[in-house]
Amino acid sequence: MGSRSSFAPGSSALACCLAALAIFAVLCDGGTTSPFVRTIWPSVDMPFDSDVFATPPGYNAPQQVHITQGDHVGKAVIVSWVTPDEPGSNRVRYWSEKSQKKRYSEDTVVTSYKYYNYTSGYIHHCTIKDLEPDTKYHYVVGSGHVERQFWFVTPPEVGPDVPYTFGLIGDLGQTHDSNVTLTHYEQNPYKPKALLFLGDLSYADDHPLHNNMRWDSWGRFVERSVAYQHWIWVAGNHEIDYCPEIGEYTPFKPYLHRYEVPYKESNSSSPLWYSVKRASAYIIVLSSYSAYAIYTPQYQWLKEELPKVNRSETPWLIVLMHSPLYNSYNYHYMEGESMRVVFEPWFVEHKVDVVIAGHVHAYERTKRISNIAYNITNGLATPDSNPNAPVYITIGDGGNIEGLANNMTEPQPDYSAYREASFGHAIFDIKNRTHAYYAWNRNDDGIAVEADSAWFHNRYWYSVEDSS
Ligand SMILES: *[C@@H]1O[C@H](CO)[C@@H](O)[C@H](O)[C@H]1NC(C)=O
Ligand SMILES: *[C@@H]1O[C@H](CO)[C@@H](O)[C@H](O)[C@H]1NC(C)=O
Ligand SMILES: *[C@@H]1O[C@H](CO)[C@@H](O)[C@H](O)[C@H]1NC(C)=O
Ligand SMILES: *[C@@H]1O[C@H](CO)[C@@H](O)[C@H](O)[C@H]1NC(C)=O
Ligand SMILES: *[C@@H]1O[C@H](CO)[C@@H](O)[C@H](O)[C@H]1NC(C)=O
Ligand SMILES: *[C@@H]1O[C@H](CO)[C@@H](O)[C@H](O)[C@H]1NC(C)=O
Ligand SMILES: *[C@@H]1O[C@H](CO)[C@@H](O)[C@H](O)[C@H]1NC(C)=O
Ligand SMILES: [Fe+2]
């Protein structure tokens, strides 16, 4: 698979990069290890009084507004927001740009939780159903003089040749790097319409007592994007918030209260794993931190789920999880191995196009490889080129408080096509049932620079080698 690499802004760097490439070609078994050296910012969260965390003015004004897909096919949306002082209005007023006719939804769940000595605000999740496809809607939350208005565009009707552009961000956190990643994402020239978020949202748990005020500040930080477009959520390890030392025994408590997903619509028994259809894509979300071995609910669900995917309806089969199954960094090395052993044969059997993960705070893209031949006694324990296998992308490089993962296993393994320790984000731009264009942007470059890119050829419809 080809990749276009530009190692530093400006052409003066070209000659030395070519030299670096030549050296790497000698040393490496695999693809490209980028020698790009990023600027170092301190890995600290932006202070609470930063502009990005400002609370909207007015008593009990709704904040942390976010939306996600509300059903299996994209005709519903879940609008969520937090009111700090009292429950306030349950209602979302909305209208389509076409008809202007005002409607209301009161299909709202209001919840709150305590975490050690923190008490959350009133968290609202309102489902709006029966939306028109590919239509701009305006919506209003709050009441009286603290009404706040936003808008979103519904996805087009599900279908095999519907073009659609996804953004990819993982492990975002709330540092200055996080802000640069989000800003780049907003400026992306492909204008991504929905974001696949690969887990690890706020990193509140890196603060004493898992300071849940960092969950609130994160919600305010990302509102500028997620109030206007659907973010599809994946749970990471920083969502677990299990902390027996302070009496917090319920895994995923803050995350599950704050982020609702349409899991029942895909017959899942848990919001931690579910699926949605969107345009020409079928998106399966898995949980690296829930049981997945044989006989467990997640195993059983996925086993029944994969055969249901109709590639004539949704050609692009995309699997999301937090912990990567292939990762050649010396961070979280082989943490995804037990899930790989269980699920990889299914991914190959069902011709999954791409598996996207976060967790490792760096970037990597693999070739189409599988490691499913091994049967304990035959010694075939090496990843092998396999045209039915997915490409694995690790994009845990949102830029969080824990800093960058820059220690790689050497030499670069054969299966790894491109890896680089930089913060950034990517887009997955589906053109039609056969072609999708993929591009990764590093924060240190202008948004126009695609540091890594590739054409994906659909595994079901056009199973030829990917290329550039
Ligand atoms: C919770 O406890 C910590 C440590 O004792 C303290 O610093 C913090 O102010 C408390 N927070 C609240 C909301 O009481
Ligand atoms: C975050 O980025 C936005 C958009 O670029 C900018 O307006 C804002 O000042 C930044 N805030 C911080 C704290 O870096
Ligand atoms: C949903 O899951 C249950 C339990 O696994 C199963 O019995 C049922 O057939 C499933 N329904 C559909 C529509 O797949
Ligand atoms: C798969 O989707 C196509 C296109 O929507 C439809 O014609 C076909 O009946 C579906 N197949 C099954 C088994 O549902
Ligand atoms: C493992 O593979 C070897 C070599 O193909 C074969 O001889 C052996 O029977 C296999 N073992 C099992 C348990 O399938
Ligand atoms: C990189 O990771 C390896 C394996 O964990 C370790 O032995 C080595 O010391 C690390 N190198 C640096 C520079 O931290
Ligand atoms: C699908 O998109 C690719 C890339 O834009 C294009 O080359 C190809 O002709 C398209 N296929 C069809 C059937 O339109
Ligand atoms: Fe993680």
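Ligands are counted one by one from 1 in listed order, and the atoms in each one are counted from 1 as well.
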Practice prompt. Can you sort out which atoms of ligand 4 are near Asn310, meaning under 4.0 Å from one of its heavy atoms?
Written response: 1 (C), 2 (O), 3 (C), 8 (C), 10 (C), 11 (N), 12 (C), 14 (O)

Item to complete: Run the numbers for me: atoms of ligand 5, each under 4.0 Å from some heavy atom of Asn375, listed by number.
Response: 1 (C), 2 (O), 3 (C), 8 (C), 10 (C), 11 (N), 12 (C), 14 (O)

Worksheet entry | Subset of ligand 5 atoms that lie under 4.0 Å from at least one heavy atom of Asn378 | 1 (C), 2 (O), 3 (C), 4 (C)

Protein heavy atoms near [atom], is at least one of them under 4.0 angstrom away?
atom                    : value
atom 14 (O) of ligand 4 : yes
atom 11 (N) of ligand 7 : yes
atom 7 (O) of ligand 5  : no

Practice prompt. Begin from the C-alpha positions of Phe343 and Trp273 and carry the test ring pair (Phe, Tyr, Trp, His ring centres under 6.0 Å) through to its verdict.
Written response: CA-CA 14 Å; Phe343 288 159; Trp273 58 89; over 10 Å; no

Worksheet entry | side chain to side chain donor-acceptor pair (under 3.5 Å) partner of Ser275, chosen from Glu265, Lys308, Glu305 | Glu305

Worksheet item: Is it the case that Asp429 and Thr165 place a side-chain donor and acceptor less than 3.5 Å from each other?
Response: yes

Worksheet entry | Any side-chain donor near an acceptor of the partner, Ser370 and Asn386, under 3.5 Å | yes

Item to complete: Nearest heavy atom to atom 1 (C) of ligand 7 wins, so pick from Asn458, Thr434, Ile430, Asn432.
Response: Asn432

Discussion item. If you define the side chain from C-beta out and look only at heavy atoms, does anything of Leu302 sit under 4.5 Å from His350?
Written reply: no

Worksheet entry | Candidate pair Thr33 and Gln412, rule side chain to side chain donor-acceptor pair (under 3.5 Å), full reasoning | CA-CA 7 Å; Thr33 295; Gln412 184 173 18; 2.9 Å; yes

Worksheet, complete the sentence: If you scan protein heavy atoms around atom 4 (C) of ligand 4, the nearest is Ser312 O, 4.0 Å

